[in-house]
Amino acid sequence: MRRRTHTCGELRAHDAGKQVFLSGWVARIRDHGGLLFLDLRDRYGKTQVVIRPEEDSVLYEKASGLHGEWVISVEGEVALRPPGAVNRQISTGEVEVHARDIEVLNQCLPPPFPVEEEEIHPSEEMRLRYRYLDLRRSEMQEIFALRHRVYGIAREHLTTHGFLEIETPFLVKSTPEGARDYLVPSRVHPGKFYALPQSPQIYKQILMVAGFDRYFQIVRCFRDEDLRSDRQPEFTQVDVELSFPDIDTIFGIAESLFCKIFKAAWDVDLPSPFPRFTYSEVMAKYGTDKPDLRFGMPLVDVTEDLRDTDFRIVKEALEKDGAARGICVKGEAGRTRKQIADFEEAAKNAGLGGILPVKLTTEGVQGALAQHLSEATLRTITERMGAQQGDLLLFAVGAREETQKGLGALRLHLGETLGLIQPQSISIFWVTEFPLFEKDPVTGDLASAHHPFTGFFDEDIALLDTNPLAVRSHAYDMVVNGSEVLSGSIRISNPEVQRRIFSLLGINDEEATRRFGFLLEALRYGAPLMGGFAVGFDRVIMVLTGKSIRDVIAFPKTLLAASLMDGCPSEVDEKLLKDLYIQFVPPPDAK
RNA sequence: GGGGUCGUAGUUCAGUUUGGUUAGAACGCCAGCCUGUCACGUUGGAGGUCGCGGGUUCGAGCCCCGUCGGCCCCGCCA
């Protein structure tokens with residue numbers, strides 16, 4: 001076993017003449033019969049190895065028997081490539097290694113999909129099944145090198161600001177609030193369970209009570225909910241909490257962190273401070289709490305303008321306390337009926353009943369809605385929407401929240417499909433003043449919008465009894481390119497206030513004690529004011545690379561929360577279940 | 001839980017609209033030729049449970065029903 005002298009991305013012209021020993025994977029073989037080229041690859045790059053049968057026919061025989069992805073070592077001498085044979089595309093392209101000996105360290109089965117090929121993209125199913133081969137691709141290697149750099153930036157940044165990295169348990173008490181827990185049965189306590197943490201929220205607050213003042217942790221979190229392209233059952237947070245906080249301190253620490261990350265990854269300087277918008281602002285203007293502001297197309301409320309219309313659809317919606325809103329799609333008045341039908345399809349998927357298109361063409365204004373509007377009204381509306389000739393206006397009527405959310409989703413759909421988003425541009429800002437509560441659409445009960453420990457505006461305290469849905473919380477998000485990458489809040493640190501919130505949430509003292517008693521107790525033993533945030537680390541890497549969440553996690557799960565490589569989840573031995581006093585009860589519809 | 005979409009050679013796909021002889025291509029693989037390639041070139045060859053199950057039909061990759069799986073969206077995600 002010899003140690004390699006260089007990596008496959010290292011050799012340059014000035015290394016010519018050196019005796020080297022390289023190890024790596026066979027990327028490609030180009031056998032010309034009288035001359036054989038072999039690209040040797042490792043994480044650092046590729047180096048061309050040359051074998052000449054006239055110099056060593058035994059070695060040539062050996063080399064021509066190699067195959068892609070075999071693992072070999074090559075001993076030889078570095079040489080400058082002949083003039084005209086230099087490859088400017090790769091960093092080692094000025095040199096090659098004239099092999100003296102080759103050792104096969106391990107053969108490789110024919111790969112189920114090409115590791116080297118750049119034009120044939122294997123399906124995600126294949127990539128996940130053979131994840132080790134997928135990760136071997138340079139594209140993936142680069143993602144994880146970047147991910148590693150960002151871990152380092154976060155650790156360094158928070159350490160510099162006086163934060164201590166402290167681990168919290170993975171086997172924790174199940175708290176029924178929030179997402180569904182992943183459960184771990186206890187062997188020594190029959191019938192009892194641990195939960196995997198949805199976040200270290202309660203523990204980090206207790207660390208503040210313990211006087212750690214500034215804490216952080218790069219930590220896995222677990223949530224047993226249905227997945228999306230940006231959600232995995234286990235994901236990584238940079239969890240941060242500090243004592244005696246003020247909003248500007250917290251935002252400053254987070255902003256400078258993101259500045260460093262974007263500088264390192266994209267070599268851009270983000271303009272600081274980041275803009276701050278309130279929740280109600282972004283909801284009204286973009287119909288979502290995480291708008292992508294790399295393109296405009298704001299929602300415009302035209303409810304009052306259409307108040308007196310005799311157009312039946314509009315009239316009926318507004319009589320039911322509904323709203324009318326529109327967006328202006330720049331320069332798209334030329335869309336055909338069919339293309340607009342596609343927009344309508346997207347609108348229906350977004351939860352709208354439909355859309356009312358108005359085209360501002362050179363031949364005049366077209367659209368059913370327009371015919372029911374006076375010229376003056378039309379002028380007011382187009383002016384407020386910033387619309388000009390050639391633009392396409394899309395209106396939606398219906399329940400207030402529905403039109404807002406629906407048009408927000410349609411706006412995003414149009415932004416994506418019409419190519420309005422510059423991929424390299426950055427929209428980064430804060431959303432503040434989230435409501436403290438939201439209404440459960442099924443039961444009508446109050447529920448925490450963020451989590452039940454979220455603090456709120458002192459001046460809204462009277463609203464707790466009169467109009468709790470109007471109480472503004474001290475919760476905030478950071479949104480980058482339409483992705484929520486950070487979320488946090490200033491906490492409630494007064495046990496009496498905390499109790500009051502619980503009671504509004506329908507959690508009585510007894511239940512509160514049962515669920516969160518240890519936190520409530522801790523808060524009574526000298527709790528500092530506290531606040532913090534958690535960065536959705538995987539999403540940050542997603543935004544930086546433009547990839548899906550599965551591309552930035554080494555061993556991700558599919559949408560059905562399965563791992564195709566190792567086949568989990570799986571059945572377990574009866575004995576294990578017996579030790580845990582667990583019996584499987586099949587679902588009622590199982591065959 | 002609901003909606004959409006895809007599943008054909010080792011891989012990526014065409015073929016499904018309008019059912020009809022022996023299911024094609026590219027890459028990969030195997031064998032041969034080839035002295036400056038770098039997606040080498042070139043000649044030949046092997047390779048198919050058309051995801052799975054059922055149905056309709058003289059006949060199903062194609063139509064129908066069910067089911068499994070990948071992806072996207074809604075619900076859900078304090």
Side-chain angles (χ1 to χ4, degrees), chain A residues 27-41 46-55 60 64 67-69 81-90 92-93 96 109-130 133 175-181 198-199 201-202 221-233 235 345-346 348-351 405-406 409 412-413 416 434 436-438 440-442 446-454 473 475 484 487 489 501 505 507 515-516 536 548 550 557-560 562 564 589 591:
Chain A
R28 269 201 165 89
I29 298 170
R30 294 177 293 279
D31 186 352
H32 293 233
L35 177 69
L36 184 146
F37 297 102
L38 182 159
D39 292 339
L40 192 65
R41 181 192 65 231
K46 285 184 222 168
T47 299
Q48 176 164 282
V49 176
V50 185
I51 293 122
R52 294 173 191 279
E54 68 201 15
E55 289 173 8
Y60 171 77
S64 60
H67 298 272
E69 302 309 318
R81 294 193 187 187
V86 169
N87 185 346
R88 301 277 167 209
Q89 315 283 358
I90 60 173
T92 60
E96 59 196 12
L109 293 171
F113 57 83
V115 174
E116 277 297 309
E117 182 63 52
E118 280 161 21
E119 289 196 3
I120 291 185
H121 294 285
S123 68
E124 191 147 7
E125 207 169 343
M126 290 301 293
R127 294 173 53 203
L128 294 175
R129 169 76 180 78
Y130 300 95
L133 294 177
T175 55
E177 286 279 322
R180 194 176 295 107
D181 282 328
Q198 297 173 24
S199 82
Q201 182 60 40
I202 292 175
C221 303
F222 306 85
R223 294 179 191 175
D224 186 4
E225 294 293 346
D226 288 342
L227 306 182
R228 286 286 188 286
S229 56
D230 63 349
R231 285 184 350 213
Q232 280 277 300
F235 59 98
E345 184 67 29
K348 285 181 176 169
N349 287 338
K405 276 189 74 175
L412 181 61
H413 173 83
E416 283 168 352
F434 276 79
L436 186 62
F437 300 109
E438 58 196 16
D440 186 310
V442 182
L446 284 186
S448 287
H450 187 56
H451 59 58
F453 318 112
T454 308
S473 76
E484 177 201 314
S487 187
S489 64
I501 296 299
L505 292 170
I507 303 172
R515 289 188 188 181
F516 313 107
S548 88
R550 291 178 301 280
K557 308 280 192 288
T558 67
L559 285 180
L560 291 183
L564 299 182
D589 57 347
K591 284 173 192 149

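Rounded to the nearest Å, the gap between the P atom of B:U42 and that of B:U22 is 33 Å. Straight-line distance between the P atoms of B:U21 and B:G59: roughly 15 Å, to the nearest whole Å. As rounded to the nearest Å, B:A14 and B:C77 have C1' atoms that lie 40 Å from one another. B:G24 and B:C62: their C1' atoms are spaced 15 Å apart (whole Å).
Within the nucleic acid shown, A:Asp224 has no heavy atom closer than 4.0 Å to any nucleic acid atom. Contact annotation for A:Ala350: no contact, since no heavy-atom pair falls under 4.0 Å across all strands. When heavy atoms are screened at a 4.0 angstrom cut-off, A:Leu36 is found touching no nucleic acid atom at all. Within 4.0 Å (heavy atoms only), A:Ser199 reaches at least one base atom of the nucleic acid. Among the heavy atoms of the strands lying under 4.0 Å from A:Pro112 are primed sugar atoms or P, OP1, OP2 only; no base atom is included. Contact annotation for A:Gln201: base contact, defined as any heavy-atom pair under 4.0 Å involving a base atom. Residue A:Ala85 is in base contact, counting any heavy-atom pair closer than 4.0 Å across all strands shown. Nucleic acid contact class of A:Glu96 (heavy atoms, under 4.0 Å, all strands): base.
Ring-to-base geometry does not place A:His121 in a stacked arrangement with B:U12 (centre distance under 5.5 Å, plane angle under 30° required). Once the 5.5 Å centre distance and the 30° plane angle are applied, the aromatic ring of A:Phe37 is found stacked with the base of B:U37.
Contact annotation: side chain of A:Arg231 to base of B:C77, donor-acceptor pair present below 3.5 Å. On a pure distance criterion of 3.5 Å, a polar donor-acceptor pair joins the side chain of A:Arg81 and the base of B:C38. Applying the 3.5 Å distance criterion, the base of B:C38 shares a donor-acceptor pair with the side chain of A:Asn87.
The salt bridge (Lys or Arg N to Asp or Glu O under 4.0 Å) check on A:Arg30 picks up A:Asp39, with sequence neighbours excluded. Evaluation of the side-chain hydrogen bond (donor to acceptor under 3.5 Å, both in side chains) rule for A:Arg129 yields no partner, not counting sequence neighbours. Legend: residues meeting side-chain contact (heavy atoms from CB on, under 4.5 Å) with A:Lys557, ordered by chain and number and at least two apart, are A:Gln232, A:Pro233, A:Glu234, A:Ser563, A:Cys568. Listed by chain and number, the residues in a ring pair (Phe, Tyr, Trp, His ring centres under 6.0 Å) with A:Phe437 amount to none (sequence neighbours excluded).
At the phosphate of B:G70, neither OP1 nor OP2 sits under 4.0 Å from any side-chain N or O atom of A:Ser123. Close to B:C40, at under 4.0 Å from its OP1 or OP2, lies a side-chain N or O of A:Arg30.
Checked by atom type and distance alone, the side chain of A:Thr454 never pairs as donor or acceptor with a backbone atom of A:Ser473 at under 3.5 Å.
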Identify the pairs formed between an N or O of the protein and an N or O of nucleotides 72-74 of chain B at a distance under 3.5 Å, and give each distance.
residue : atom : partner  : partner atom : Å
B:C72   : OP1  : A:Arg550 : NH2          : 3.0
B:C72   : OP2  : A:Arg550 : NH1          : 3.3
B:C73   : OP1  : A:Ser229 : OG           : 3.1
B:C73   : OP2  : A:Ser229 : N            : 3.4
B:C73   : OP2  : A:Ser229 : OG           : 3.4
B:C74   : OP2  : A:Arg228 : NE           : 3.0

Every protein N/O within reach of nucleotides 27-32 of chain B N/O, cut-off under 3.5 Å:
residue : atom : partner : partner atom : Å
B:C30   : OP1  : A:His67 : ND1          : 3.0

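Across all strands shown, B:G20 pairs with B:C58; the Watson-Crick or G-U wobble distances both stay below 3.5 Å.
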